[in-house]
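What follows is a set of notes on a single structure, which appears directly below.
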Amino acid sequence: MKFHYDVSGTDFSLAGAASADIKKKLQQLGLPSLVIKRTAVAMYEAEINMVVHAGGGETEVEITDTDIVIIMKDHGPGIPDIELAMKEGYSTAPSVVQELGFGAGMGLPNMKRNSDFLSIDSKVGQGTTVTMRIHIDEEASV
Amino acid sequence: MTGNFGAGLPPDNNHDNINEQSQTEVAKTISVYHSVELEEDSCKGCTICVTGCPVEAIRVHDGKAHILEERCIDCGECIRRCPNHAKQAKSPELTILDDYNKRAALVPPSFYAQFECKYSEQELHTALKLLGFTDIFNVADDATIISQATTEYLKNTPNLPKPVISSSCPTIIKLIQVRFPSLIDNLLPLLPPVELTARRARKTLQKTDNTSTLSKVNKIGVFFISPCPAKMTVARSPVGYKSSGIDGVFSISALYLPVLNALKKAHTTSASEFNSDSSTFTNETTKSDLNTTKSTNDAYNPIIWSRECGEAESIIHFSSSKTFNWLSAGGIKQAIDLLEAIDDGQYSSYDFTEIAACSGGCIGGPLSISTVPEAQAVLRSRLSQTHDNKTPGPLPEESDICLSDICLTEQILPRPSRKLSNDFKKARRMMEKQEEIITQLPGLDCGSCGSPNCKALAEDIVRGNAKIEDCVTILKAHYEKLLFGK
């Protein structure tokens with residue numbers, strides 16, 4: 001089962017809408033609240049990144065028997081040095097965004113922490129695709 | 001009382017268990033009792049409550065509104081919205097007081113905000129006594145105790161999930177249970193102030209009871225005067241503690257006129273017989289406590305608890321920390337937005353958040369009478385009077401409050417009322433069907449089908465509680481096809 005969301009690159013207030021919707025769907029599926037929380041946090045951070053750095057993009061969430069797979073694609077500037085970008089506290093967010101309380105350099109580390117698998121495929125000048133996978137532990141589902 | 005809080009507070013180490021409760025255990029936590037009732041004859045089946053319910057807990061079937069009990073959080077939005085006043089919170093008749101020979105009124109700060117300042121607190125107490133109450137207890141005094149305990153809890157508990165969320169609004173606790181179960185660990189594990197007041201009232205009345213040896217029937221009745229249905233509900237089916245010390249709950253709106261009449265009467269009666277200080281139990285402990293911890297010119301009155309930000313302001317009063325970061329939300333929409341953000345991992349740099357389901361705080365409760373701006377103005381005036389008149393009381397001996405007396409004793413469990421099925425695979429199939437139905441529906445969210453919006457109708461259909469022809473747009477299309485073949 002797949003869900004598709006467009007993430008607006010111009011309206012900052014809409015960031016988080018996709019993760020809120022997915023949160024509701026995962027609750028309908030009765031998944032453990034920890035799985036739901038990890039998914040929401042990982043997706044929210046990625047959404048914010050998309051809005052701040054890439055002018056929006058698209059999100060696809062697939063729920064399989066075993067995993068929640070989140071693929072987020074943008075056509076932004078790309079990440080030149082992914083290893084550096086993964087470092088806690090490293091931020092290239094413009095100061096106006098940092099003033100809003102974002103851009104503390106915790107986005108990517110938070111995404112990594114809250115997913116079981118994270119891959120970042122980025123080409124400078126072309127865009128970035130982030131794939132995250134979160135295991136559904138069916139035993140733990142209530 | 002200082003020194004009893006803090007390090008001794010048991011950290012919640014059951015995080016994981018909360019998520020792994022079996023379905024039966026979860027079902028047990030779903031309270032079947034709600035104080036909001038439908039006056040069937042008045043309900044026109046208009047669906048205004050259905051589309052206005054923040055947790056989509058109401059449906060109209062067969063022309064009448066029905067509450068889905070497992071989803072209801074007692075916020076009272078339906079009471080506010082119903083144009084026919086069909087949704088009500090049942091307040092008992094004052095005659096139930098006759099069954100008791102000691103009758104305590106637990107008066108919340110929001111009550112005082114309903115009446116013009118020309119009526120003093122003392123006069124309001126007299127009026128309540130004319131209605132049949134024998135003893136008056138101020139809930140605000142116990143709010144002070146909770147504020148002090150909160151301060152200690154925030155200071156002394158290591159590794160708290162931040163921000164800590166106030167547990168004083170029962171609707172917010174239920175909202176978290178239903179929609180944000182991962183935030184249960186963030187809830188402040190302390191009793192609501194009124195529960196402390198109830199226990200204090202019973203203890204005091206038992207102590208002052210000198211008739212028990214003479215009289216066989218000596219029943220103590222403890223009654224709360226509530227600004228909202230949520231507090232009415234928890235007095236009967238508590239969340240986070242086993243049983244309530246409250247015997248009955250009147251709504252502010254039901255007592256408003258009787259109190260006004262009594263106030264007029266009080267002016268003509270020799271008020272002195274009611275005014276004896278012995279039967280108005282304010283908790284002098286806390287007042288003197290705060291005068292020892294802070295300089296006296298720093299005016300503080302716990303009635304600010306009833307307004308938005310009041311709880312946080314109280315904590316600031318007791319906290320020596322200069323870096324206390326707090327958030328406050330009032331009104332159900334702000335509350336949901338804030339919880340959503342906290343759930344997404346935002347705001348963990350804040351220590352505390354106070355969330356009231358009602359805009360303006362408790363003074364904006366659905367069972368209050370005054371508008372929020374007026375109640376705010378009254379509170380401001382009453383606060384300035386406090387500043388002028390209040391002197392610290394003497395310190396009674398039984399001043400120590402034990403932490404174990406004010407901590408929540410029962411685990412707060414999730415109420416996963418959105419779940420389609422206990423079987424994940426089945427739930428997924430139902431969701432696929434639901435998504436398919438959504439594409440067929442017009443997306444007008446008109447509510448005419450009796451469900452709050454098109455998505456909810458799709459969900460109701462896959463749950464077997466509705467059919468697609470309940471959608472008037474689709475039904476119209478069917479008829480047109482039958483009649484005109486188009």
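Numbered from 1 within each chain, the chains take letters A, B, ... in sequence-line order. All values below were derived from every heavy atom in this structure, side-chain atoms included, with hydrogens, water molecules and symmetry-related copies excluded.
Contact annotation: the side chain of A:Gln27 approaches that of B:Pro181 to within less than 4.5 Å [non-hydrogen atoms, C-beta and beyond]. Contact annotation: the side chain of B:Arg179 never approaches that of A:Lys24 to less than 4.5 Å [non-hydrogen atoms, C-beta and beyond]. Contact annotation: the side chain of B:Phe424 approaches that of A:Leu31 to within less than 4.5 Å [non-hydrogen atoms, C-beta and beyond]. Side-chain contact between A:Leu29 and B:Lys419 is absent, with no heavy atoms from C-beta onward closer than 4.5 Å.
Between B:Asp344 and A:Lys37 there is no salt bridge, since none of the side-chain N atoms of the basic residue sits less than 4.0 Å from a carboxylate O of the acidic one.
Taking OG from A:Ser33 and CG from B:Leu183, the interatomic distance works out to 9.0 Å, rounded to the nearest 0.5 Å. To the nearest 0.5 angstrom, B:Ser182 atom OG is 7.5 Å from A:Lys23 atom NZ.
Comparing A:Ile36, A:Thr64, A:Val35 by how many heavy-atom pairs each has under 4.5 Å with chain B, the most go to A:Thr64.
At a 4.5 Å heavy-atom cutoff, B:Ile336 makes no contact with chain A through either its backbone or its side chain. The contact between B:Val178 and chain A is made entirely by backbone atoms, counting heavy-atom distances below 4.5 Å.
The main-chain N or O of A:Ile63 is found under 3.5 Å from a side-chain atom of B:Arg428 such that the two form a donor-acceptor pair.
For residues 451-461 of chain B, a heavy-atom distance under 4.5 Å to chain A picks out B:Lys455, B:Glu459, given by residue number. Within residues 429-436 of chain B, the residues having any heavy atom less than 4.5 Å from a heavy atom of chain A are, in residue-number order, B:Met431, B:Glu432, B:Gln434, B:Glu435.
Counting heavy atoms of neighbouring residues, nucleotides and ligands inside a 6.0 Å radius, atom OH of B:Tyr347 does not exceed 12 of them. Counting non-hydrogen atoms of other residues, nucleotides and ligands closer than 6.0 Å to OH of B:Tyr350 gives a total of 12 or fewer.
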